[in-house]
Amino acid sequence: MLDKRYDPKKVEQGKYDFWKSKGYFTAGDKTKNPFSMVIPPPNVTGKLHLGHAWNTTVQDITARYKKLKGYDVLWLPGMDHAGIATQAKVEEKLRKEGISRYDLGREKFLEKAWEWKHEYAKNIHEQWAKMGLMLDYTRERFTLDENLSRAVRHVFKTLYDKGLIYRGERIINYDPELKTALSNIEVEYFDDPGKFYYFKYPIVGSKEYLTVATTRPETMFGDVAVFVNPNDKRYKHLIGQKAINPANEEELPIMADEYVDIEFGTGAMKCTPAHDPNDFALSEKYHLARPKCMDLDAKMSDICGKYKGMDRYECREALVKQIEKDGRLIKIEDIVHQVGHSERSHTVVEPMLLKQWFVKMRPLADQALEKSSVNFVPTRFNHTFRQWMENVDDWCISRQLWWGHRIPAYYNKQTGEILVSEEEITDPNYVQDEDVLDTWFSSALWPFATLGWPEETPDFKRYFPNSLLVTAYDIIFFWVSRMIFDSLEFTKESPFKDCLIHGLIRDSKGRKMSKSLGNGIDPIDVIDKYGVDALRYFLTTGSAPGQDIRYIDEKVAASSNYLNKIWNSVRYVLESLGESYKPVDYKFNELAPVEKHILIRLNETIKAVDGYMNKYEYSMASNYLYNFVYDDFCSNYLEMSKVTLQGENEEYKNIVRTILIEIVRSIILMIYPFAPFIAEELYQALPEHKESIMIETYPEAKKYQDDVSEVELLMKMIGELRNYKVTNKLAPNYALKLVVESENQPFDEFETYLKRFTFAKEIVFTSKHYDKGMKYAYGKMTLYIEDEISKEELEEKRARDIAFLESEIKRCEGMLNNPNFVARAPKEKVELEQKKLEEFKKRLSDLK
RNA sequence: GGAUGUUUAGCUCAGUUGGGAGAGCAUCGCCUUUACACGGCGGGGGUCAGGGGUUCGAGCCCCUUAACAUCCACCA
């Protein structure tokens, strides 16, 4: 017996462990077709947030739905070592203990990092369990597992041998706090307030000077030239001359290149090849030197004279003061400009000239553009992906960290020769590269490396390519695109068939959830308050694909109320079964119209829901189910069925009970992917059930058909009579006297239902023309309310109805008189409109 | 500068090849009716951002304007 109230805590109790222990999460049934997904591996840096909850719920809904549809579902779990993020956290923890990673050394530090990993992996497992995710833990992976590491080395070596990985000195984004290189996409640009400094650069052998403006005076020690535009009339005569660098009194050649924008600043630009990518390009073009004025701590280097060792910002201030003292400062302008910040440490990144490892992107990107068959949902994200691929730069993959996959490159101590090897080289003449690889280098192999690749394992053969990948749009560049090009390069196939993209979750005001704003919401708190099913339902319904959603507490509460509604309707059905209940075989054609009607609606609903589930349109699917549950089932049929259940016809009672069970069973199965815990609880309470809902099959739509328009008329009449009472300030149970004029006698129970729902004291059925009281014309039938109704009221109602019908008739006629419509529209649509027109015309003539 | 998205009821949002504008919350009225007061029944509230076009018919398709948001690329 179910409790009177739906209690999420009680319902959730024990179910996850039960499912897991039964092995329902484990894939491998070879008699079925495979459906495979890999989880986007969360970072082992902290606890999961609402974004993870959303992402994993979408996958879990898919997995549970597909399982019920008869697939062998593999949903592979795992976690990401998250190089920079984790190392930063571990270092922060050590700092609080007063130690740095250098105090510990590489090996000891890595031990600490592994400790951290184990601790946080435990948290993540607990959260996955709370969310109810049907993950196949027998296949769980971690990006630093030996088999994944082997895949990483294999990929590195193969790309290196093909010339697609190279080591070179280029301008990269450097994070001075974490002391590592970053890739371009790990840099976030913000509008920062800054200053634009205008300095005098005296011309050698002349009294003239050139005004050069810069936002970064501290890099002046690395200047090698001043550039102007060759077409700039102001400076034409200076090209080829020399200017004095006011920072260090060195002579700089004045050179010309089209790159310089005449309009911007003073039209004269200082060139610092080692600290600016554009200047670096100029230095390549003109073979200029590339002096570095900063070291790896972002402190000023040897070439900076008295500023050596100074912090970059302190140097800026001091240098400007010095130049001002020298009388060479013209002005300082306040500006707002875009400044790059490290995605992880949030410090201002420093473009630096460093020797790093790169993936040569052009050939890989072109291949991806040409051969990718990934089907993005919604499709517009395909453009996002393609656009990025078309403009991608080479990918800097080396990181000056310890936590990660060590670069499998070895250098000959004498010759400096590079040896790349998948196996460890123990030859004492060789020393391994100190750096590790970008985390995303290994994540990019996730869909196939987790299945055993590069070995042709049975899992790899069966579950690759994956059926689906689900992720938020913010990591299409970081992850999705890289999986696609690596997969095409190494497996010759796209990594997954479909890629379902969802949005980001925001707070109730639409702001991003962030630690600094303190507006983050812990999924666990939500679960404690409303239950995990309500959270899951909230996250995956009521929004459009690819859109962001806001967390709104009231909506989770509403979800919980909906589940409570289902709970209570099921409880009622179960309680109304009685001792003697036995399911019976019934023939649809022999049922009463009310039963036919609800079964037709049920099957329409199943068809719609199943269709949308299949397209990953969970919002639409849930919407159809919701309307069915509230309107068709709870408000209408459930109430109507009480007439039979409280009546004397024992035989038909059992048919109604059978149908009620069939309906709630279908509802439970359809709500199950969204809300598995309550669904399992309700399912177990059904008179006939398997060991678990997880091994059930999804309801199948039956093709029932019949004319049930009388049932619809009945409902319409009930609605109008209720409305009539409210607008006339009559009590809901006020007993009206009704007359129903009808050509044919409506179905047997028509009167009973009408009476029960409207408290009518008397209903007269007649086939003769009648005309008294308030009139509601439905074409087939006309309803009259015989009561103390004023003339004006009647006239008003009549005028309203006539106006409505006339406008509808006009609409129908407009359509039907259009040869294009009749010729092109679907036949059913045309017929439907003809039918409607006929009915409207009849009703209008009834009124007049 | 380029791209994408958003603009629909007081608020938050749905709206499936173009074919009678919806939900939740809020609000108002009635109802302690034996599944559910985490409820029932009913109501009010929208020129679907503005303009133009295609069409018999546009929230939906095309063009355009505006506001907001996001992403990419950026000038020292």
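Since we're looking at a predicted model, the values are computed, not measured. Lettering follows sequence order; numbering is per chain, from 1.
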**Study point:** Candidate nucleotides B:G5, B:C31, B:A35, ranked by approach to the side chain of A:Q547 - the nearest
**Key:** B:G5
Review point. Which of the following nucleotides, B:U70, B:G20, B:A23, is nearest to the side chain of A:F840?
Key: B:G20
Point to revise | Between A:Y562 and A:F674, ring centroids under 6.0 Å | key: no
Review point. Taking OP1 and OP2 of B:A14, is either one under 4.0 Å from a side-chain nitrogen or oxygen of A:Y626?
Key: no
**Study point:** Pair assignment for B:U32, Watson-Crick or G-U wobble, requiring both distances under 3.5 Å
**Key:** none
Practice item. Please report, rounded to the nearest Å, how far the C1' atom of B:G5 is from the CZ atom of A:F385. Key: 20 Å
Exercise for review: Please determine, by modelled atom types, if A:D548 and A:Y473 share a side-chain donor-acceptor pair under 3.5 angstrom.
Suggested key: yes
Check your understanding: Between B:A35, B:G5, B:C13, which one does the side chain of A:K642 approach most closely?
Key -> B:A35
Point to revise | Nearest listed nucleotide, side chain of A:R550, among B:A76, B:C13, B:C25 | key: B:C13
Review point. Reckon A:N627 has a side-chain N or O less than 4.0 Å from the OP1 or OP2 of B:G22?
Key: no
Point to revise | Pair A:K529 + A:D553, salt bridge at N-O below 4.0 Å | key: yes
Review point. Do A:R550 and A:D507 meet the salt-bridge criterion of a basic N to acidic O distance under 4.0 Å?
Key: no
Point to revise | Distance between P atoms of B:C25 and B:C41 (Å, rounded) | key: 13 Å
Exercise for review: Go through A:Y734 and A:N728 one step at a time and tell me if the side chain to side chain donor-acceptor pair (under 3.5 Å) criterion holds.
Suggested key: CA-CA 11 Å; A:Y734 182 88; A:N728 289 289; over 6 Å; no
Review point. Taking NZ, NE, NH1 and NH2 as the nitrogens, is one of them in A:K642 or A:E639 under 4.0 Å from a carboxylate oxygen of the other?
Key: yes
Exercise for review: Remember a base hit wins even if backbone is also touched, and classify A:D261 as base, sugar-phosphate or nothing at under 4.0 Å, heavy atoms.
Suggested key: base
Check your understanding: When you compare B:A66 with B:G50, how far apart are their C1' atoms, in angstrom units rounded to a whole number?
Key -> 7 Å
**Study point:** Between C1' of B:U33 and NZ of A:K755, the distance in whole Å
**Key:** 18 Å
Study note, to complete from the structure: Applying the 3.5 Å cut-off to both distances, the Watson-Crick or G-U partner of B:G19 turns out to be B:C56
Point to revise | Whole-Å C1' distance, B:C60 and B:A3 | key: 23 Å
Review point. Is the gap between the ring centers of A:Y201 and A:F199 under 6.0 Å?
Key: no
Check your understanding: Does B:G1 have a Watson-Crick or wobble partner in any strand here, with both distances under 3.5 angstrom, and which is it?
Key -> B:C72
Review point. A:L638 near the nucleic acid: base, sugar-phosphate alone, or nothing, with a heavy-atom cut-off under 4.0 Å?
Key: base
Review point. Quick one: which of B:A35, B:C41, B:U12 gets closest to the side chain of A:S569?
Key: B:A35
**Study point:** Selection from B:C25, B:A76, B:C41 that lies nearest to any side-chain heavy atom of A:R722
**Key:** B:C41
Review point. Which nucleotide in the list B:U12, B:C25, B:A14 gets nearest to the side chain of A:S543?
Key: B:A14
Review point. Can you tell me how far P in B:G42 sits from the matching atom in B:U7, rounded to whole Å?
Key: 30 Å
Check your understanding: Between B:U54 and B:U12, how far is it from one C1' atom to the other, in whole Å?
Key -> 34 Å
Exercise for review: Consider the side chain of A:Y473, meaning its heavy atoms from C-beta on, and name the nucleotide among B:U70, B:A76, B:G40 that approaches it most closely.
Suggested key: B:U70
Review point. Looking only at N and O atoms, is any donor in the side chain of A:Q338 or the base of B:C74 less than 3.5 Å from an acceptor on the other one?
Key: yes
Check your understanding: Taking the same atom, C1', in B:G19 and in B:G57, what whole-Å distance lies between them?
Key -> 7 Å
Exercise for review: Remember a base hit wins even if backbone is also touched, and classify A:Y189 as base, sugar-phosphate or nothing at under 4.0 Å, heavy atoms.
Suggested key: nothing
**Study point:** Nearest-angstrom distance, C1' atom, B:A9 to B:U27
**Key:** 12 Å
Check your understanding: For atom C1', what is the distance between B:G20 and B:A58, given to the nearest Å?
Key -> 14 Å
Exercise for review: Identify, between A:K4 and A:E263, the residue whose nearest nucleotide on RNA chain B lies closer to the 5' end.
Suggested key: A:K4
Practice item. Ignoring backbone atoms, test whether A:N623 places a side-chain nitrogen or oxygen under 4.0 Å from the OP1 or OP2 oxygen of B:A23. Key: no
Exercise for review: Could you tell me the separation between the CG atom of A:L645 and the C1' atom of B:U34, rounded to a whole number of Å?
Suggested key: 13 Å
Point to revise | Atom pair distance, as rounded to whole Å: NZ in A:K729 and C1' in B:C31 | key: 15 Å
Review point. Where the side chain of A:K270 is concerned, which of B:G42, B:U12, B:A76 is the nearest nucleotide?
Key: B:A76
Check your understanding: With nearest nucleotides of RNA chain B determined for A:P545 and A:H337 from heavy-atom distances, which residue corresponds to the more 5′ nucleotide?
Key -> A:P545
Exercise for review: To the nearest Å, give me how far apart CG (A:D548) and P (B:U12) are.
Suggested key: 15 Å
Exercise for review: Check the pair A:Y626, A:Y630 against ring-ring contact (aromatic ring centres under 6.0 Å, His included), reporting the backbone distance first and the verdict last.
Suggested key: CA-CA 6 Å; A:Y626 182 92; A:Y630 267 92; 4.7 Å; yes
Review point. Over how many whole Å does the gap from A:I185 atom CD1 to B:U70 atom P extend?
Key: 19 Å
Review point. How many Å lie between NZ on A:K555 and C1' on B:A23, as a whole number?
Key: 9 Å
Exercise for review: Pick base, sugar-phosphate or nothing for A:C634, based on heavy-atom distances below 4.0 Å to the nucleic acid.
Suggested key: base
**Study point:** A:E639 CD to B:C36 P, straight-line distance once rounded to whole Å
**Key:** 11 Å
Exercise for review: Give none if B:G46 has no partner; otherwise give the nucleotide forming a Watson-Crick or G-U wobble pair with it, both distances under 3.5 Å.
Suggested key: none
Exercise for review: Classify the nucleic acid contact of A:V570 as base, sugar-phosphate or nothing, counting any heavy atom under 4.0 Å across all strands shown.
Suggested key: nothing
Review point. With sugar-phosphate meaning primed atoms plus P, OP1 and OP2, does A:Y624 contact a base, only sugar-phosphate, or nothing at under 4.0 Å between heavy atoms?
Key: base
Exercise for review: Scan every strand shown for a Watson-Crick or G-U wobble partner of B:A66, both distances under 3.5 Å, and answer none if you come up empty.
Suggested key: B:U7
Review point. Counting side-chain heavy atoms from CB outward, which of B:C36, B:A76, B:C41 is closest to A:S635?
Key: B:C41
Check your understanding: Looking at A:F538, A:W54, A:Y530, which hits ring pair (Phe, Tyr, Trp, His ring centres under 6.0 Å) with A:Y551?
Key -> A:F538
